[in-house]
Every structure is written in structure tokens, then in C-alpha cells.
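Below: the structure, in C-alpha cells.
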Amino acid sequence: MTGTHTATDGGITTVGIAGTGRLGTVLAARLKDRFSLFLYDTDRAAARRAATATGLPLADAETLVTADAVLLCVPPERTEPALHALARHAVRTGRRPLFVSLATSVPTARLRSLLADDADLAGLAVAGLKPVCQFAALAHGVPTVLVTEDTGRLDELRHLAQGLGTVLAGEENLVGPVNRAATKAALRACAALTEELTDQGVPLPLVAAAVRNVLAGTALDHPPAPDNPYTRSVLTELAAERPAALPPPARPTDQQTAPTATPVPVAEAKGARV
């Protein structure tokens with residue numbers, strides 16, 4: 001384990017990663033040059049794979065909670081039980097790490113209530129740090145935005161996330177829907193491009209490269225630089241392909257809009273009753 005900073009850098013020098021799936025493993029790889037790291041997972045096989053991939057040591061729960069901050073990188077449905085179990089270990093060892101939840105679908109307020117409702121755990125802290133990100137982009141080092149409502153810990157969280165992206169104070173509950181909307185839009189775009197090129201008889205390796213490189217790269221470069229002649233020519237082409245705006249509907253005249261009286265037959269009028 002290596003760390004090149006001091007406790008004055010936001011007060012965090014050691015970081016525990018709880019959960020060594022895709023997110024936990026990527027975060028460990030991205031953070032290992034800045035912090036002393038511990039890896040922990042109740043799935044020991046997954047933990048060993050992450051340790052092999054990152055070159056970082058495994059830890060048991062008691063060692064994990066000796067870190068200054070513990071990132072909860074477990075699936076959303078396991079966030080609450082994982083926090084509760086690790087908080088118990090922290091109390092038993094006399095440690096007070098800052099627990100950090102990255103689960104966009106789990107309200108941080110609910111996690112705080114979980115700790116506050118247990119007298120033994122009430123002194124422990126949990127903060128939300130919700131990433132607007134996608135796993136592959138994070139793995140490739142694409143900077144992102146992380147949102148927290150914990151304005152009192154901005155310095156700590158910004159120090160922790162330095163190198164991952166920008167930490168903004170805001171509404172954490174926006175992140176999950178934003179991620180989902182972006183994922184759906186990206187999947188639609190990928191499917192549409194694949195279908196378009198396949199229908200044109202383009203070989204599958206070229207289709208895959210178009211999706212993974214050209215489409216993804218264009219998204220990374222968005223909004224396009226105005227001095228890029230290629231992108232400018234494509235935007236001009238797109239504008240020309242756009243259907244012409246339909247003329248506004250003609251405004252009806254007073255005569256056209258006046259209700260038409262329906263004549264009542266005389267015989268019917270005479271026989272009408274009130």
C-alpha cells in the first residue's frame with residue numbers, strides 16, 4: 001500500500017473499499033496512487049479477483065473500518081445491511097470512519113436514520129457521493145460529476161474524489177433518474193446505428209467499431225468544437241435532413257367559427273313539449 005499525501009489533505013489518507021464488483025474494483029484502481037487502500041468483500045472469490053487485478057491487499061471487516069473513509073460499493077439492495085454490519089465492526093474496534101454511499105437509488109437520509117436509530121451507532125457518519133457515470137467510462141478515466149447534499153463535508157469529499165471528477169453540492173435524488181435516462185438514450189442510439197449499418201450490409205467488425213469508437217467518441221466530444229470542419233459538415237447535413245417546418249394552421253374566420261343553426265321542422269316544433 002502506498003500513500004503520497006498527508007492527513008492535512010482533507011483528513012483522509014486511508015480508504016476502504018467495501019464491495020469488489022465492477023465499481024469497487026475500478027475505484028480501487030483509480031484511487032490506489034493517492035491513498036492507502038484496503039479491499040473487502042464478503043464474496044472472497046470476488047475480493048481475490050479484485051486484489052489480483054489491482055495489486056492491492058485484502059482486509060477483513062475489522063481492518064477495513066480502520067480506514068479514514070469506507071466507500072460502500074455494494075449493490076443497492078445490500079447497502080443498508082452492509083453499512084449496519086460494518087458500523088458494528090467500527091464500534092467494536094473503537095473506530096469512526098466516514099462511510100460514503102455511492103448507491104444512487106438509496107437515499108442517504110435513510111442510511112443516516114439507520115445509524116441514528118441504533119444508540120450504539122449514532123455517533124457514526126455517512127455521506128452520499130452519487131456519481132453521474134457509467135462503469136466503462138469510469139474505467140477509461142473519463143472525468144465525471146459526483147453529487148452530494150452533505151455541504152459540511154465538501155472538502156473531505158472533494159479530496160476523496162480528486163482525479164475522478166468534480167464534486168457538486170446538489171440534490172442526490174436527481175442522479176439516479178439522470179443516469180437511467182442517459183443509459184436509455186445511449187442504448188437507443190447504439191441499437192439504431194447498428195440496425196442502420198447492418199441493413200446497409202456493413203461488416204459486423206466495422207459496425208462494432210462505429211458504435212464503440214465513433215459514436216462513443218462523438219459523445220465524449222460533445223458539444224463539438226465549432227472549429228472542427230468535419231463535425232460542422234455533419235451538423236450541416238443533419239440540418240438539411242431535418243423535415244421542413246409545417247406552416248401554421250390557417251386561422252378560421254368568424255364566419256367559419258360561428259355555430260351553424262340547425263333548422264327545426266315546423267311540425268316537430270309544434271309538437272314539442274316543455
Find out whether [X] and [Y] are in side-chain contact, i.e. whether some heavy atom of one side chain is under 4.5 Å from a heavy atom of the other.
X    : Y    : value
L111 : V106 : yes
L83  : L115 : yes
L86  : Y40  : yes
T20  : C73  : no

Any chain of hydrophobic side-chain contacts (each under 4.5 Å) joining [X] to [Y]?
X    : Y    : value
V167 : V15  : yes
F135 : L164 : yes
V178 : L138 : no

Got a sec, which residues hit side-chain contact (heavy atoms from CB on, under 4.5 Å) with [X], two or more places apart in sequence or on another chain?
X    : result
A181 : none
P203 : P205, L206
A28  : I17, L37, L39, T54, L56

Considering all heavy atoms of both residues, which atom of A103 and which atom of K130 are nearest to each other, and what is their separation?
-> O-NZ, 2.6 Å
How would you list, by chain and number, every residue that makes a salt bridge (Lys or Arg N to Asp or Glu O under 4.0 Å) with D221, sequence neighbours excluded?
-> none
Show me the donor-acceptor pairs, under 3.5 Å and distance only, between side chains in residues 141-149 and residues at least two apart or in other chains.
| from | atom 1 | to | atom 2 | distance (Å) |
| --- | --- | --- | --- | --- |
| T144 | OG1 | V132 | O | 2.1 |
| T148 | OG1 | G128 | O | 2.7 |
| T148 | OG1 | D150 | N | 3.0 |
| E149 | OE2 | E172 | N | 2.9 |

Show your reasoning for whether salt bridge (charged side-chain N to carboxylate O under 4.0 Å, His left out) applies to D227 and R232.
-> CA-CA 8 Å; D227 59 348; R232 191 165 62 245; over 6 Å; no
Do D41 and R48 meet the salt-bridge criterion of a basic N to acidic O distance under 4.0 Å?
-> no
Apart from V74 itself, what residues make up its hydrophobic cluster, given side-chain heavy atom links below 4.5 Å?
-> none
With a 6.0 Å cut-off on ring centres, are F35 and H159 close enough?
-> yes
Does A127 offer a backbone N or O that forms a donor-acceptor pair with the side chain of T108 under 3.5 Å?
-> no
Approximate separation, where rounding is to 0.5 Å, of L129 CG and F99 CZ = 15.5 Å
